[in-house]
Number of protein chains: 2
Amino acid sequence: MFNSKGVSNVSIRMISRELGISHSNLIYHFKDKNTLIEALHQQILEAALSLNESINKEENTLKVLFTNIDKGFEIIYDYRFFMIDLNLIMRENARLYSKFLEIEELRFIMYKKKIDELIAEKILKPETHNNEYDKVIKQIRVISDYWLSSAQIYDANENPEQIIKSYSSLLKHLFFPYLTKTGHQLFCELTTR
Amino acid sequence: MFNSKGVSNVSIRMISRELGISHSNLIYHFKDKNTLIEALHQQILEAALSLNESINKEENTLKVLFTNIDKGFEIIYDYRFFMIDLNLIMRENARLYSKFLEIEELRFIMYKKKIDELIAEKILKPETHNNEYDKVIKQIRVISDYWLSSAQIYDANENPEQIIKSYSSLLKHLFFPYLTKTGHQLFCELTTR
DNA sequence: ATTAATTTAGTACATTTGGTCTAAAATACA
DNA sequence: TGTATTTTAGACCAAATGTACTAAATTAAT
């Protein structure tokens with residue numbers, strides 16, 4: 001219901017009606033919409049965690065990064081309301097907000113580390129300007145946070161698989177112009193298959 | 001009120017209270033929140049139009065493009081609710097939705113033309129892959145549509161000028177790795193000043 | 001100055017919502 | 001089996017919202 005109607009258009013009472021239970025019952029388990037959303041967020045985190053464990057870290061750095069992106073996109077798609085109504089949710093749930101910021105910080109550090117690795121492996125070009133890649137990471141952040149919003153507006157008629165594929169491709173292509181020759185070749189191998 | 005509280009948290013009655021008029025009076029002029037938002041959108045369009053007229057087209061292509069971005073960001077900042085609640089608004093206003101899609105199409109064409117010009121002027125590198133720049137334009141679209149949402153979450157404590165500057169810089173840097181040597185030099189001249 | 005049109009305010013109503021309280025039903029447990 | 005705990009439902013309430021209708025006030029026009 002959150003995914004299709006948007007968080008602001010779904011009330012506790014509507015959810016309980018859909019579930020066929022009384023609204024008091026739903027409130028008994030989740031005292032309001034915010035705690036319900038927190039529980040759903042916990043589900044997202046757990047899915048992301050088990051994803052992280054399942055990834056084979058023996059593969060090359062770029063491949064690990066890209067499968068991480070692909071799988072991450074798949075997971076969040078099922079909870080797309082969370083990203084589409086992100087600002088609404090963050091505005092009205094301080095606890096979730098600070099938790100989200102913490103996770104974002106980790107994500108930033110992870111990308112920074114990965115990029116350093118990729119530079120060391122001569123897959124990415126070294127920085128020519130100061131903090132050049134920091135900008136790239138911020139670009140990544142905006143697209144990671146809002147690709148689902150963008151898809152809702154511009155790709156309403158596409159199917160989920162296509163949407164996920166096209167936007168994860170969009171994200172990966174942020175690296176594209178920074179690739180070395182060998183990086184370029186690897187990129188092509190990873191993305192055409 | 002839309003900017004600070006979010007569209008969904010502001011009612012016709014709250015607006016009329018703030019204005020010191022009766023809610024029936026407000027409804028007399030704008031029959032509901034949607035038509036009110038449409039009117040505000042019209043204001044945005046008019047501001048954008050007069051911006052377009054004011055820009056000196058004698059300057060070089062990149063400079064025209066970049067001042068366009070800067071000024072555009074400044075304009076939309078005043079109506080940031082529109083971008084932050086974009087999906088909510090589009091979901092609930094079919095007319096505005098189709099109008100928005102039309103404008104987006106124009107924006108896409110404009111960028112395509114500009115990029116072709118910049119390639120011809122040897123400021124941007126020619127495409128090495130098929131539709132490579134189409135991806136860039138889509139990246140531009142996501143950031144253009146959602147930089148204000150991102151800023152609301154990650155830069156809540158920054159002042160407007162800094163926010164506008166940092167995110168317009170983020171957008172411009174999408175072009176950065178595609179610049180030729182001369183393009184690079186021009187870019188630096190335009191962005192450091 | 002009188003009339004017509006526009007603008008404004010007030011009231012009333014049905015609906016929805018979040019919340020609280022109480023009691024019944026179901027379940028677990030000893 | 002009897003008791004305690006957990007779960008569920010129902011009723012109730014105050015607040016807010018959109019909407020519709022009526023009448024007064026203001027403005028414009030002849």
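Remember, it's a predicted structure, so these values are computed and weren't measured experimentally. Residue numbering restarts at 1 for every chain, and letters A, B, ... go by the order of the sequence lines.
Of the two residues contacting DNA chain C, namely A:S11 and A:I27, the nearest-nucleotide position lying further toward the 5' end is that of A:S11.
The aromatic rings of A:H129 and B:H184 lie tilted to each other, with the angle between the two planes from 30° to 60°.
One interatomic measurement links the two molecules: NZ of A:K5 to C1' of C:dT16, which rounds to 14 Å at whole-angstrom precision. At whole-Å resolution of the value, CZ in A:F30 and C1' in C:dG19 are 18 Å apart. One interatomic measurement links the two molecules: CG of A:L36 to C1' of C:dG18, which rounds to 14 Å at whole-angstrom precision. When rounded to the nearest whole Å, the span between CE of B:M14 and C1' of D:dG18 equals 15 Å. Atom CG in A:D32 sits about 10 Å away from atom C1' in C:dG19, given to the nearest Å. Regarding A:I15, its CD1 atom lies at a distance of 13 Å from the C1' atom of C:dG18, rounded to whole Å. Separating the NZ atom of B:K31 from the P atom of D:dC21 is a distance of 15 Å, rounded to the nearest angstrom.
Here A:R13 does not reach the OP1 or OP2 of D:dG10: none of its side-chain N or O atoms lies under 4.0 Å away.
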Stepwise side-chain contact (heavy atoms from CB on, under 4.5 Å) check, B:I123 with B:L179: CA-CA 6 Å; B:I123 288 171; B:L179 293 167; 4.1 Å; yes

Salt bridge (Lys or Arg N to Asp or Glu O under 4.0 Å) evaluation trace for B:D155 with A:K138: CA-CA 12 Å; B:D155 309 279; A:K138 280 190 186 172; 5.6 Å; no

A:N60 vs A:E121, side-chain hydrogen bond (donor to acceptor under 3.5 Å, both in side chains): CA-CA, chis, key distance, verdict: CA-CA 10 Å; A:N60 68 69; A:E121 294 172 11; over 6 Å; no

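When the local axes at the two ends of the helix from C:dA1-D:dT30 to C:dA30-D:dT1 are compared, using 5 base pairs at each end, they differ in direction by 10° after rounding to 10°.
Ring centroids of B:F66 and B:F187 are separated by less than 6.0 Å, placing the two rings close together.
Summarising the geometry of B:L88 relative to A:S8, their closest heavy-atom pair is CD1-OG, 3.3 Å, with the distance given to 0.1 Å.
Between the B:K33 side chain and the B:V10 main chain, a donor and an acceptor come within less than 3.5 Å of each other.
Here B:R107 pairs with B:E104 in a salt bridge; the nearest charged N to carboxylate O distance falls below 4.0 Å.
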Reading 5' to 3' through nucleotides 5-10 of chain C, protein heavy-atom contacts under 4.0 Å coded B for base, S for sugar-phosphate only, - for none: -SBBBB

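With hydrophobic clusters built from ILVMFWY side chains whose heavy atoms lie under 4.5 angstrom apart, A:M1 shares a cluster with A:F82.
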